[in-house]
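On a predicted model such as this, the values are computed, not experimentally measured, just so you know. Numbers restart at 1 for each chain; the letters A, B, ... are given by sequence-line order, proteins then strands.
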Amino acid sequence: MQHPVRRTGPAPVIRDQLLHVLRAALTEVGFPEPAGGVALDLPKQREHGDWSTNIALQVAKPAGVAPRVAAERLATAIRAAAPPAVEQVDVAGPGFLNFRVAPSAWHQVLRAVVERGERWGRAEALGGQRINLEFVSANPTGPLHAGGGRWVAVGDALANLLAAQGGVVHREYYLNDAGSQLDAFGASLLARYEAREPPDDGYQGDYLIEMAQRMRAELGDGVTQEQAREWGYLDAVSQLRADLARIGVQFDTWFSERTLHERGDVAAVLEELSAQHVVFEEDGATWLRTSAHGDSRDRVLVKSDGSTTYLCNDLAYHRDKLARGWEHLIDIWGADHHGQVKSLQAGLAALGAPGEPEVVLGQLVKIMKGGKPVRLSRRAGDVISLADILDVVDPDVCRLTFLLQSIDTAQTFDLDIVTAQSMENPVYYVQYAHARIASIARRAAVAGIERRPILETNLAPLRHERELDLLRALEQYPDVVAEAATLRAPHRVTTWVRDFAARFHGFYRDCRVLTDDAALTQARLWLAESCRLGLSNALDLLGVGAPDVMERGDAHLDEPDAGAP
RNA sequence: GCGCCCGUAGCUCAGUUGGACAGAGCGACGGACUUCUAAUCCGUUGGUCGGGGGUUCGAAUCCCUCCGGGCGCGCCA
């Protein structure tokens with residue numbers, strides 16, 4: 001699938017100019033633009049310039065010309081028309097075109113970042129598309145388990161990303177409060193309340209013991225199973241909300257499955273599907289012909305006992321989301337549910353919404369504790385909840401840990417490592433860069449150094465390789481955000497911000513901001529500000545804080561105070 | 001058996017949608033604080049990108065196949 005990335009930011013003037021000149025050169029020399037368009041890449045090696053393009057290699061074959069020859073012709077045309085900031089155009093290797101630009105070009109990037117401020121990295125590519133993003137949606141039968149934390153972090157970050165691309169994003173949580181799971185939960189809770197063991201097919205987790213005690217305190221004696229279910233349900237929902245609040249995630253809608261049944265939405269969806277002639281009766285059940293839409297087999301909608309299946313209810317739910325005016329539906333699911341994707345999509349196709357919902361599948365989290373894997377089943381009993389994690393690490397650490405890697409890879413969340421290494425967790429590394437910038441600003445204020453307006457600031461002193469390196473990364477940032485959004489891959493922002501923090505720490509080491517050179521100081525103060533914006537904007541998308549001050553942590557433990565005179 | 005995901009340095013993972021000698025962190029080893037917070041920086045060490053074919057000027061990336069691992073394949077949710 002193609003995911004074209006369109007730049008909408010005003011800034012990278014030099015890059016847009018280069019692309020323009022490149023296209024013009026293609027026309028002049030008589031090469032048609034390849035289907036994939038013209039792309040500028042960042043070479044891995046600095047000797048290959050600031051940007052490079054493989055356009056000549058793509059164009060050569062259809063034109064029946066040797067790649068190097070095509071490249072030379074293009075280079076000649078480009079040199080004649082290139083803006084002054086393009087210092088050098090080289091043909092290299094098999095036929096790459098490498099461009100080297102003047103520092104002034106990078107200074108334009110700095111001005112653009114400062115001008116755009118918090119909007120640097122934001123775009124309007126989605127043009128106000130109304131997107132409903134459903135994530136987490138764990139059953140309201142207990143606290144959120146630790147592995148679910150991945151979907152909390154990923155879902156919230158993805159929502160931020162889509163919004164940053166101009167989407168109108170709605171965070172939604174689906175409460176399965178009408179199914180047999182809740183009944184089993186109620187029965188188990190009642191059993192604990194009556195000091196019995198839960199049924200074999202019930203919920204074995206110890207948390208039910210504590211819940212039962214609170215239920216007794218609130219409701220007293222003589223609680224019925226239905227009362228237990230309802231009390232437990234409400235209590236579980238408030239626990240879920242509380243856990244999510246601790247990590248700073250807020251849903252716009254908590255949708256109750258019961259609503260669908262009460263309003264007759266489930267019956268309505270069955271009627272609609274019947275009218276589409278995609279259902280049939282067999283063995284006393286009603287089936288949906290999902291196999292016609294790529295599912296491996298047909299699926300039951302109404303069981304022989306007359307009750308509807310999860311799929312049937314879920315179809316009604318997704319139909320409701322569309323009826324509420326959401327143009328695009330995205331569901332984030334764990335890979336253990338991937339077998340349901342086709343069925344749901346097939347049903348929605350029959351309901352006239354082909355391609356909906358988009359299901360983002362993420363591989364599961366393996367929680368390790370004491371070197372051993374922890375089973376993540378609330379029903380099995382051995383439970384580690386998200387709240388347990390938040391008891392030992394702060395929300396920023398938790399979030400960034402879940403956002404470190406691609407959701408296509410199974411993640412191992414080792415509680416011992418995350419807590420023990422928390423002082424060298426990547427999140428602190430990145431936040432420390434931000435805090436250092438804030439610290440410089442404080443130092444400047446103390447020294448009476450005022451940052452002059454950027455329009456009056458000469459950025460020419462910024463010529464150090466460290467400085468230009470920061471600006472190169474900042475230039476790239478809007479593309480990173482756009483790609484992360486289209487690929488539904490928030491971890492790309494994490495990767496960028498870690499790399500960017502590393503660049504900043506390197507700069508900080510080699511280039512002093514506050515110096516005796518007033519002009520240099522002014523330029524670097526603005527460079528630092530642009531970096532602060534880059535860090536802050538990226539962390540904001542990830543839902544991670546960007547502190548101005550960070551404590552020294554336990555560093556003092558290494559330095560005996562007694563040593564001081 | 002079928003479907004989806006994964007296999008990259010000792011470990012945990014990136015890898016700009018096919019580019020130019022494969023990257024980071026941790027680990028190991030060695031350096032750097034009279035100067036904006038050393039939660040930092042610099043250097044050294046370390047890889048048959050699971051194996052084999054194929055497409056291409058060019059493959060970690062695309063196709064086929066095999067091996068290994070995870071998760072699914074209910075009139076459960």
Just checking [X] against [Y], ring centres under 6.0 Å apart?
| X | Y | result |
| --- | --- | --- |
| A/Y173 | A/F255 | no |
| A/Y429 | A/Y432 | no |
| A/Y233 | A/F185 | no |

Quiz item: Where the side chain of A/D396 meets the backbone of A/G545, is there a donor-acceptor pair that is under 3.5 Å apart?
Solution: yes

Inter-nucleotide [atom1] distance ([N], [M]), Å rounded:
| N | M | atom1 | answer |
| --- | --- | --- | --- |
| B/G47 | B/G7 | C1' | 14 Å |
| B/G54 | B/A28 | P | 44 Å |
| B/C63 | B/C73 | C1' | 26 Å |
| B/C26 | B/C42 | P | 11 Å |
| B/U12 | B/G27 | C1' | 11 Å |
| B/A9 | B/U55 | P | 28 Å |
| B/C49 | B/G30 | P | 32 Å |
| B/G58 | B/U44 | P | 33 Å |

Confirm from the modelled atom types if [X] and [N] form a donor-acceptor pair under 3.5 Å, side chain to base only.
| X | N | answer |
| --- | --- | --- |
| A/S304 | B/C75 | yes |
| A/D41 | B/A20 | no |
| A/T494 | B/A14 | no |
| A/H337 | B/G72 | no |

Quiz item: Hey, is CG on A/D305 packed in by over 12 heavy atoms from elsewhere, all under 6.0 Å?
Solution: yes

Which part of the nucleic acid, if any, lies within contact of [X], taking any heavy atom under 4.0 Å across all strands shown: a base, the sugar-phosphate backbone alone, or nothing?
| X | result |
| --- | --- |
| A/N98 | base |
| A/R443 | sugar-phosphate |
| A/E257 | nothing |
| A/K342 | nothing |
| A/A444 | nothing |
| A/H48 | base |
| A/C312 | nothing |
| A/A435 | base |
| A/T515 | nothing |
| A/P67 | nothing |

Check every atom of [options] against the side chain of [X] and return the nucleotide holding the closest atom.
| X | options | answer |
| --- | --- | --- |
| A/L57 | B/U16, B/G19, B/G25 | B/G19 |
| A/V300 | B/C75, B/G15, B/G19 | B/C75 |
| A/R492 | B/C76, B/C13, B/U16 | B/U16 |
| A/D336 | B/C41, B/G72, B/C36 | B/G72 |
| A/H491 | B/G19, B/C36, B/G15 | B/G15 |
| A/T412 | B/A32, B/C13, B/U16 | B/C13 |
| A/K61 | B/U35, B/G15, B/C57 | B/C57 |
| A/Y508 | B/A20, B/C5, B/A38 | B/A38 |
| A/V513 | B/A77, B/G74, B/C36 | B/C36 |
| A/D283 | B/A38, B/C75, B/C57 | B/C75 |

Does a side-chain N or O of [X] approach OP1 or OP2 of [N] to a distance below 4.0 Å, or not?
| X | N | value |
| --- | --- | --- |
| A/R436 | B/A38 | yes |
| A/K303 | B/C76 | yes |
| A/K44 | B/A20 | yes |
| A/K366 | B/G69 | no |
| A/Y429 | B/C26 | no |
| A/T409 | B/A14 | yes |
| A/Q405 | B/C13 | yes |
| A/Y432 | B/A39 | yes |
| A/R466 | B/C42 | yes |

Practice problem: Is it possible for you to check whether A/R299 lies under 6.0 Å from the centre of the six-membered ring of A/W287, through NZ or CZ, and within 45° of that ring's axis? | Solution: no

Quiz prompt | Row check, A/F507 ring normal vs A/R466 NZ/CZ: under 6.0 Å, within 45° | solution = no

Exercise. Tell me whether A/H338 is stacked on the nucleobase of B/G72, counting only the six-membered base ring and applying the 5.5 Å and 30° thresholds.
Key: no

Practice problem: Measure from the ring centre of A/F96 to the centre of the six-membered ring in the base of B/A20, then say whether that distance is under 5.5 Å and the planes meet at under 30°. | Solution: yes

Quiz item: Thinking salt bridges, do A/D469 and A/R46 make one under a 4.0 Å N-O criterion?
Solution: yes

Quiz prompt | Whole-Å gap separating P (B/C42) and CG (A/D469) | solution = 11 Å

Practice problem: Give the rounded distance in Å between these two atoms: CZ of A/R297 and C1' of B/C73. | Solution: 9 Å

Quiz item: Between A/D41 and A/S52, do the side chains contain an N or O donor and an N or O acceptor separated by less than 3.5 Å?
Solution: no

Exercise. Identify whether the glycosidic angle of B/C5 places it syn (within 90° of 0) or anti.
Key: anti

Self-check item: Pairwise 5' ranking along RNA chain B for A/L97 and A/Q340, keeping only the more 5' one
Solution: A/L97

